[in-house]
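Below is one structure, written out as structure tokens; the observations come after it.
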Protein chains: 2
Amino acid sequence: MTKKLNDKRVMRTKRLIRDTLTELMEQKGFDAITVKDITDKAMINRGTFYLHYQDKYDLLEKSEAEFFSSLEQIVRDLNPQVAISLTSQNEPFPVIVKLFDYFQETAPFLKALLGPKGDPKFQVKLKEMIKTLMRQVLLSQVNQEDLLVPEEFLLSYISSAHVGVVQYWLETGMQKSSEEMTLILAKMTLLGPGHATGLLK
Amino acid sequence: MTKKLNDKRVMRTKRLIRDTLTELMEQKGFDAITVKDITDKAMINRGTFYLHYQDKYDLLEKSEAEFFSSLEQIVRDLNPQVAISLTSQNEPFPVIVKLFDYFQETAPFLKALLGPKGDPKFQVKLKEMIKTLMRQVLLSQVNQEDLLVPEEFLLSYISSAHVGVVQYWLETGMQKSSEEMTLILAKMTLLGPGHATGLLK
DNA sequence: AACAATACTCAACACAACGTTGATTATCCT
DNA sequence: AGGATAATCAACGTTGTGTTGAGTATTGTT
């Protein structure tokens, strides 16, 4: 007998718990949250929580995993060829635009996790993913021997920069569109044929 | 009657507690640490901890404050003129070199706080400080009207990038000297007269 | 519509860490 | 040497943890 995965009760409860987690993380930050906090706010029995998650860390892990799974799906969906191809500097990378679209959809969750009360591990994972993307771009655009800086430092620099800009964008209310953000990032990043010409007039 | 600040017992205990915090943060991360963990490892009575700190969050705050206080001292010590003056691309910024020197001294603490089990608030504060430094450099080097990208995005980009590189440097065992690191950063950063010429041959 | 499965509730449990207290001992400063 | 105070120790109630067993409510299935 396999467990029933489509039970309305289970789905309702899980979504309730995860939404409550997001709300509480914005308010008090993850480590100040107790399981009791979550179940009180979600108005479910504390025992119910333990029916679905081992503890609050398990909940966080599974929520993050779900996020990254969607993110990887988005990257994978786009034809890799198209994905890593650079366009002219006045047209945004298609992948990055899609990523920003998804960031916007999941903004409350993302903002909480990337904010000052968030999870540093999550930030590391996100950087790692961007690093992988950028490594492909780098390989396709630049001869390794031409680099005057160790590749890994450059990738750390760029991926951290990108995450930092996303954080700033989230904090300031996401005033710019996905396309605008992608263009801004492209101009600041030393990659691609138009590199170093995008920043100054 | 003012409290005596130079009591050997107090200094010994405080240093013991803070060093133990650093060690434990590397091992299990801040939020997994209990006061009992700290006092057990430091072999002091649990009550003694509460004689000096309200709770573990208070301890973390005061440790961070001490770090930033030293950091600001270093920046302030250097003549501001010298501090923000850029040198040729083959000579490191003097301030940045000094900062890396201090990072190296406090490496265990810093590594713990900037690592995957660290404190996101600390990262924010460090970025903020670098942002302030970079804002000065930006003002002295570039005409605002010439920027094709909003200033705050650029500053977020650069400061996050710098912190990210420091993280990578700490994680990988600080194999490069402060001078080397400063040069690498300068080459990757689009600021100063030699900008955009440092990355590729 | 009725039944079986199971998600959820509820009350209770032992356990661990918290933050505080009062009394005692050890160490430091002058 | 003597007064001040830091550190120890044992004990306290409180809060959250993770688990259990028994009852209730919802759900998917036939």
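Because the structure is a prediction, the values reported are computed rather than measured. Each chain gets a letter, A, B and so on, in the order its sequence line appears, and its residues count up from 1.
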For the residue pair B:Lys56 and B:Phe30, would you count it as a cation-pi contact if the rule is NZ or CZ under 6.0 angstrom from the ring centre and within 45 degrees of the ring axis?
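Yes, a cation-pi geometry holds between B:Lys56 and B:Phe30.
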Below 3.5 Å, does any donor atom in the side chain of A:Arg9 face an acceptor in the base of D:dT27, or the other way round?
no
Counterpart residues, side-chain hydrogen bond (donor to acceptor under 3.5 Å, both in side chains), relative to A:Gln175 (two or more places apart)
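side-chain hydrogen bond (donor to acceptor under 3.5 Å, both in side chains) check on A:Gln175 returns nothing, list empty.
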side-chain hydrogen bond (donor to acceptor under 3.5 Å, both in side chains) partners for B:Arg135, two or more places apart
B:Glu152
Roughly, in whole Å, what's the span from [atom1] in [X] to [atom2] in [N]?
X	N	atom1	atom2	answer
A:Leu59	D:dG18	CG	C1'	15 Å
B:Asn6	C:dT27	CG	C1'	15 Å
B:Asp7	C:dC28	CG	C1'	5 Å
A:Leu51	C:dC10	CG	C1'	13 Å
B:Gln54	C:dT20	CD	P	8 Å
A:Ile17	C:dA7	CD1	C1'	12 Å
B:Lys8	C:dT30	NZ	P	11 Å
B:Lys56	C:dA17	NZ	C1'	11 Å

Would you list the protein and nucleotides 9-14 of chain D atom pairs, both N or O, that sit under 3.5 Å from each other?
none

With sequence neighbours excluded, residues passing salt bridge (Lys or Arg N to Asp or Glu O under 4.0 Å) with [X]:
X	answer
A:Asp37	A:Lys28
A:Lys41	A:Glu23
A:Asp19	none
A:Asp101	none

Picking from A:Glu61, A:Arg18, A:Lys14, what satisfies side-chain hydrogen bond (donor to acceptor under 3.5 Å, both in side chains) with A:Tyr53?
A:Arg18
Rounding to 10°, can you tell me the angle the first-five-pair axis of the helix from C:dA1-D:dT30 to C:dT30-D:dA1 makes with its last-five-pair axis?
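Inter-axis angle at the ends, rounded: 50°.
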Return the residues of residues 30-43 of chain B meeting this criterion: a heavy atom under 4.0 Å from some atom of DNA chain C. Order them by number, or give none.
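Contacting residues: B:Thr34, B:Val35, B:Lys36.
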Review item, side-chain donor-acceptor pairs of residues 43-50 of chain A, under 3.5 Å, at least two apart:
unit_1: A:Asn45; atom_1: OD1; unit_2: A:Gly47; atom_2: N; d: 2.8
unit_1: A:Thr48; atom_1: OG1; unit_2: A:Asn45; atom_2: O; d: 3.3

Distance-only criterion, 3.5 Å: show the donor-acceptor pairs between side-chain atoms of residues 162-169 of chain A and protein atoms not counting sequence neighbours.
unit_1: A:His162; atom_1: NE2; unit_2: A:Thr189; atom_2: OG1; d: 3.1
unit_1: A:Gln167; atom_1: OE1; unit_2: B:Lys127; atom_2: NZ; d: 2.7
unit_1: A:Gln167; atom_1: NE2; unit_2: A:Leu114; atom_2: O; d: 2.8
unit_1: A:Gln167; atom_1: NE2; unit_2: A:Gln123; atom_2: OE1; d: 3.4
unit_1: A:Trp169; atom_1: NE1; unit_2: A:Lys176; atom_2: O; d: 3.0

Who passes ring-ring contact (aromatic ring centres under 6.0 Å, His included) against A:Tyr102, sequence neighbours left out?
A:Phe67
Contact under 4.0 Å: B:Thr13 side-chain N or O vs D:dA7 OP1/OP2
yes
Please state whether the phosphate of D:dA7, meaning OP1 or OP2, lies under 4.0 angstrom from any side-chain nitrogen or oxygen of B:His52.
yes
